[in-house]
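Okay, so here's the structure we're looking at.
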Amino acid sequence: MHEMAITQGIVEICEQHAGGRPVTAVVLEIGALSGVVPEAVAFCFEACSSGTVAEGAKLQIEQLPGQGRCLACQREQRIERLFDPCCHCGSYQIEVVSGEELRVREIEVED
Ligand SMILES: [Zn+2]
């Protein structure tokens, strides 16, 4: 369960950016191909943020779709999982264009 470590990293980012002020909201972007389960992050956030500036902050998770390009037929397509074949030609040579990201997009702090 690496979501716990990931969530601790998110809380650390909050602490670095909040300058000691309480964090009211955090917006996360999680790519469909990142291997991270949004529900697990939301669950861990409760525990990890307890006693920090991020305690009680509203966690908003935006899921980004996976996007890949087939190296055989050059077509871009939406991909749900890594290692799925090309939906046009069946090739497994798919290059991931996006969807592996996991980042904190926004942190709101109290004035
Ligand atoms: Zn293809």
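Please read all numbers here as calculations on a predicted model, not as lab measurements. When a ligand or atom number is given, it counts from 1 through the structure's own listing order.
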Notebook entry, point to check: Is E95 salt-bridged to R69, going by a charged N under 4.0 Å from an acidic O?
Noted result: yes
Notebook entry, point to check: Hey, which of L102, V37, L28 is the one that makes side-chain contact (heavy atoms from CB on, under 4.5 Å) with I6?
Noted result: L102
Note to self: How long is the straight-line distance from CD of E3 back to SG of C44, given to the nearest 0.5 Å?
What the structure shows: 6.5 Å
Notebook entry, point to check: What protein N/O/S atoms lie closer than 2.8 Å to the Zn ion (ligand 1)?
Noted result: C70 SG, C73 SG, C86 SG, C89 SG
Check: Given a cutoff of under 4.5 Å between side-chain heavy atoms of I, L, V, M, F, W and Y, with clusters grown through shared members, what are the other residues clustered with Y92?
Finding: none
Margin query: I'd like to know if the side chain of T24 and the backbone of E108 have a donor-acceptor N/O pair within less than 3.5 Å.
Written below: yes
Notebook entry, point to check: Can you check whether C14's main-chain N or O pairs, donor with acceptor, with Q16's side chain at less than 3.5 Å?
Noted result: no
